[in-house]
Amino acid sequence: MEQADSSQDQSGKELIIRKAYQVFREQGYYQTTMADIAQACRMQKGSLYHHFTSKEELMQQVLLLAHGLFKEEVFAIAYHTGTPPGQRLGHMLEALDRFYFDEQGGCLMGLVGQEVATRQLEFMRTIKQFFTDWIEAFAHLLGAQYPPPEARELAQRSVQEIEGAVMLACIFLDKGYFTATRTRLAQLIK
């Protein structure tokens with residue numbers, strides 16, 4: 001019986017993290033309350049505290065989920081050596097498009113990073129690691145055509161450009177900002 005309770009707790013916790021991911025993505029960290037998350041999960045607010053001691057703990061788990069999803073579904077594409085580099089870059093850009101625009105909210109890491117930059121150092125470690133992994137994946141991919149220092153610089157600029165394009169697309173409700181950036185970046189590898 002304990003095993004069943006444990007797996008139910010785990011699945012309940014995972015559901016909360018996934019629902020919270022979307023709520024935080026749409027509303028940001030400071031504008032989101034535990035009541036908002038409870039409502040999205042269709043549960044009582046007090047039930048959240050069975051799984052998480054605080055909003056901070058839940059946010060950290062959400063950031064870890066987002067980082068893990070990107071590592072598996074976006075960054076890993078850069079290391080698929082059986083696919084030509086230009087195709088891998090195209091696949092990465094397609095995956096980013098899906099992550100940022102298939103659901104409302106844009107980039108959770110960028111949004112939360114700006115909100116908590118000076119207040120939540122634990123969050124910032126996770127967010128910095130996310131962007132470091134992203135830059136490393138792009139640098140690895142671009143290393144097929146450019147020397148390492150140039151590949152790394154291009155990778156940093158590419159991530160900056162994507163983040164800016166996502167932000168503008170969200171502000172102006174115009175995905176064209178991202179589409180133009182995606183088209184430009186796809187030309188980095190011939």
Novice: Could I get the full list of ring-ring contact (aromatic ring centres under 6.0 Å, His included) partners for Tyr146, not counting sequence neighbours?
Specialist: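 Listed in chain order: nothing, the list is empty.
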Novice: So which heavy atom on Gln27 is nearest to which on Gln31, and how close?
Specialist: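 Closest approach of Gln27 to Gln31, heavy atoms only: O-CB, 3.1 Å.
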Novice: Taking ring-ring contact (aromatic ring centres under 6.0 Å, His included) as the test, write out the residues that go with Phe178, two or more places apart.
Specialist: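 With neighbours one apart ignored, the set is Phe101.
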Novice: Can you list, by chain and residue number, the hydrophobic cluster partners of Ile171 when the side-chain cut-off is 4.5 Å?
Specialist: Met167, Leu168, Phe172, Tyr177
Novice: Can you say whether the rings of Trp134 and Phe138 are parallel (under 30°), tilted (30 to 60°) or perpendicular (over 60°)?
Specialist: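 Perpendicular, since the angle between the ring planes exceeds 60°.
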Novice: With sequence neighbours excluded, tell me which residues meet side-chain hydrogen bond (donor to acceptor under 3.5 Å, both in side chains) with Ser54.
Specialist: Glu56
Novice: Minimum heavy-atom separation for Arg88 and His80, please, with both atom names.
Specialist: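 That closest heavy-atom pairing would be CD-O, 3.1 Å.
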Novice: I need the minimum non-hydrogen distance between Ser158 and Leu188, along with the two atoms involved.
Specialist: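 Looks like OG-CD1, 3.5 Å.
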Novice: Can you give me the closest heavy-atom contact between Ala95 and Val74, atom names plus distance?
Specialist: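 Scanning both residues completely, I find the closest heavy atoms to be CB-CG2, 3.8 Å.
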Novice: Just jot down the side-chain hydrogen bond (donor to acceptor under 3.5 Å, both in side chains) partners of Thr81, sequence neighbours excluded, or say none.
Specialist: none
Novice: Quick one about Thr53 and Glu57 (side-chain donor to acceptor, distance below 3.5 Å, no hydrogens or angles considered), yes or no?
Specialist: yes
Novice: Could you name each residue pair satisfying salt bridge (charged side-chain N to carboxylate O under 4.0 Å, His left out) that touches residues 168-180, not counting sequence neighbours?
Specialist: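 Checked against salt bridge (charged side-chain N to carboxylate O under 4.0 Å, His left out) - neighbours excluded - the pairs reaching residues 168-180 are Asp97-Lys175.
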Novice: Applying side-chain hydrogen bond (donor to acceptor under 3.5 Å, both in side chains), name anything that partners Gln39, two or more places apart in sequence or on another chain.
Specialist: none
Novice: Can you tell me which residue pairs pass the salt bridge (charged side-chain N to carboxylate O under 4.0 Å, His left out) test with a partner in residues 15-30, sequence neighbours excluded?
Specialist: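 Of all non-adjacent pairs touching residues 15-30, none passes salt bridge (charged side-chain N to carboxylate O under 4.0 Å, His left out).
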Novice: Which residue pairs satisfy the salt bridge (charged side-chain N to carboxylate O under 4.0 Å, His left out) criterion with at least one member in residues 154-170, sequence neighbours excluded?
Specialist: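 Residue pairs passing salt bridge (charged side-chain N to carboxylate O under 4.0 Å, His left out), neighbours aside: Glu153-Arg157, Glu161-Arg184.
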Novice: Holding to ring-ring contact (aromatic ring centres under 6.0 Å, His included), I want the full list of residues that pass it with Phe99, two or more places apart in sequence or in another chain.
Specialist: Phe70
Novice: Would you be so kind as to tabulate the donor-acceptor pairs closer than 3.5 Å made by side chains of residues 104-112, with sequence neighbours excluded?
Specialist:
none

Novice: Which residues pass the side-chain hydrogen bond (donor to acceptor under 3.5 Å, both in side chains) test with Glu136, sequence neighbours left out?
Specialist: Arg152
